[in-house]
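This report concerns only the one structure given below.
To find a chain, count down the sequence lines: A is the first, B the second, and so on, and within it residues start at 1. Hydrogens, waters and symmetry mates are skipped; everything else that's a heavy atom, side chains included, is used.
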Amino acid sequence: MTEESYLPGEEEQDLPEQIAIRLAKRERLLSSGVEAYPVSLPISHTIDAVRAKYPDLEIDVATGDTVALAGRVMFQRNTGKLCFATLQAGSGSRIQVMLSQEKVGESNLEHYKDLVDLGDHLFVSGEVITSKRGELSVLVDSWQIAAKTIRPLPNLHNELGEEYRVRHRYVDLIVRDRAREVVKIRSQVMQSMRKTFIERTFIEVETPMLQTIHGGASARPFKTHSNAFDTELFLRIAPELFLKRAVVGGIDRVYEINRNFRNEGADRTHSPEFAMLEAYEAYGDYNTMAELTQSLIQNAALDVFGTLQVELEDGEINDLSGEWDRISMFESLSNASGVEITPETDIAVLKKLADKEGLEIDHPLHGKYVEELWEHFVKGSLTKPTFVMDFPVDTSPLVRNHRSVAGVVEKWDLYIRGYEQATGYSELVDPVIQRERFVEQARLAAAGDPEAMKLDEEFLKALEFGMPPSGGMGMGIDRLLMTLTGLGIRETIMFPLVK
RNA sequence: GCGCCUCUAGCUCAAUCGGCAGAGCAACUGACUCUUAAUCAGUGGGUUCCGGGUUCGAUUCCCGGGGGGCGCACCA
């Protein structure tokens, strides 16, 4: 799609017809000494306020109440001597305005018909009345263009195409109630989660997004360069290693909600930049973090929708109620596959099972086979919210060993409707074991795994100063919005990346 | 990154077995003092994503490029 551009005073011949016509109207306004974009207007009421004040007037009533308000023109019905327009506020609420020749005069009404287009912001003042059909209206004494629109709105009687909605989200927000609603829901969910954290005396912090070493997860990073430091920098893939430094420093209950960046594929559930919540609690463990996570999500559902039976876009009900199940990864895999699988099971056995199931896994790690097999056998059957507990050690380098089960770590993943929603750990705080794990990762990196972590000496140094036993959790915010609405990730993010 | 599908007016979409490109809404002109997707009469608006090829003729067929969608891979 090519985009037209224009400069004031230039030839407008190549512009689309409707833009040229509207630019000419703007010029006509200006040359008659009228502002097309006035700096301020004496607004007395919002559209919502007028609607709230007069919820149910009779037909054909004059209130004697004069109001001054503004809104975007969404519909116009211009007749000879009595014109109607529907104004819309940013909230989406609408009110009808009426201009009669009797009230404003013939030439003023002609000006109105000549200059006001669909989409313009219009200021009016006049009496609140109801029309002969009973529609709550403002009978206009005077009007003024509040902002002249140069581009026409799309027609309101067809759904916008997916691409247009994403590329012109501001238009989408004007014409589609649900788009406005989703923005509001997202804001309310964030508020609710911050409320839950405040109740539990957590402190919100912001840690670096530009990092010299990317760590805390395994994913390909975006690279950039600092001119001042003449060094390569990475956009963070996770805030984990900095939040743990904060815990070392005595910020015992700490969380961050901010963007992570991962240079991976994008689909219905993945975006290159995505909002992430991470929280750490000194003297907590993965059990307390599971409880926290369940509370965060349940509180959000209650605060925003007033129910734990959340209705999704397709009408299905997502039941978030009750105490969420906790199942063991190895146990559930053994049950579902019919083969006893433990951390001691020989990798050759796992390979054979994977081959039999038609899974192509080419990876050196035992744990990778366990996780892939688990996804194959168990993941699809999880519909209720479920914590999957106790992961293989070799794929979870930042998690401490299980307190009583050998070969696994104290890590859970929370699945809701088959999507991985959150993860939680009992954090590894032993600097010696952490170093060993990092060295192992670096060894894998050398073997050609580009996503394995580099050694973060500064983080290790922080651990050497002593990190208290802690629980940690991470949750994708965009994913949470998807879980609560049933929308795709590009609908939960207001301005998703487009080329 | 790979495979399949797709791109036509401001918006949503038709059509072309290769032969003057259409509709609804929007726009423009006119009529209309109670409309509310107002109505009625009329008018204009297109590099059919871009570049090349085949052809008397390409928007349609072929090749290349770009945007978008879906699936697979990677990842949360």
Determine the interplanar angle of the A:Y170 and A:H168 rings, folded into 0 to 90°, and report it as parallel if under 30°, tilted if 30 to 60°, perpendicular if over 60°.
-> perpendicular
Is A:E420 side chain donor-acceptor paired with the B:A76 base, going by distance under 3.5 Å alone?
-> no
What's the CD1-P distance between A:I19 and B:A9, to the nearest Å?
-> 14 Å
Can A:R169 be said to sit on top of A:F495's aromatic six-ring, NZ or CZ under 6.0 Å from centre and within 45° of the ring axis?
-> no
A:E204 side chain near A:R194 side chain, heavy-atom distance below 4.5 Å = yes
Has the side chain of A:H270 got a donor or acceptor that lies under 3.5 Å from a partner of the other kind on the base of B:C75?
-> yes
For A:M475, report the nucleic acid contact type (base, sugar-phosphate, nothing); a contact means any heavy atom under 4.0 Å.
-> nothing
Can you label the angle between the A:F438 ring and the A:F459 ring as parallel, tilted or perpendicular, going by 30° and 60°?
-> tilted
Positions of residues 369-390 of chain A (non-hydrogen atom under 4.0 Å from RNA chain B), listed by number = none
Pair A:W324, A:T386: side-chain N/O donor-acceptor within cut-off below 3.5 Å = no
Flag yes if more than 12 heavy atoms outside A:H376 fall under 6.0 Å of its NE2 atom; otherwise flag no.
-> yes
Which string of ( ) [ ] | and . matches RNA chain B, if you list each base 5' to 3' and count Watson-Crick or G-U pairs only when both distances are under 3.5 Å?
-> (((((((..((((.....[..)))).(((((.......))))).....(((((..]....))))))))))))....
Spacing of CD1 belonging to A:I416 relative to CZ belonging to A:F387, to within rounding of 0.5 Å = 8.0 Å
Assign A:R165 to base, sugar-phosphate, or nothing according to its heavy-atom contacts below 4.0 angstrom with the strands shown.
-> nothing
Is there aromatic stacking of A:F75 against B:A37, centre distance under 5.5 Å, plane angle under 30°?
-> no
Using a cut-off of 4.0 Å on non-hydrogen atoms, how would the nucleic acid contact of A:E163 be classed: base, sugar-phosphate, or nothing?
-> sugar-phosphate
Charged tip of A:K411 within 45° of A:Y425 ring normal and under 6.0 Å | no
A:R490 side-chain N/O to B:G69 phosphate OP1/OP2 under 4.0 Å = yes
Side chains of A:S93 and A:Q88: donor-acceptor distance under 3.5 Å anywhere?
-> no
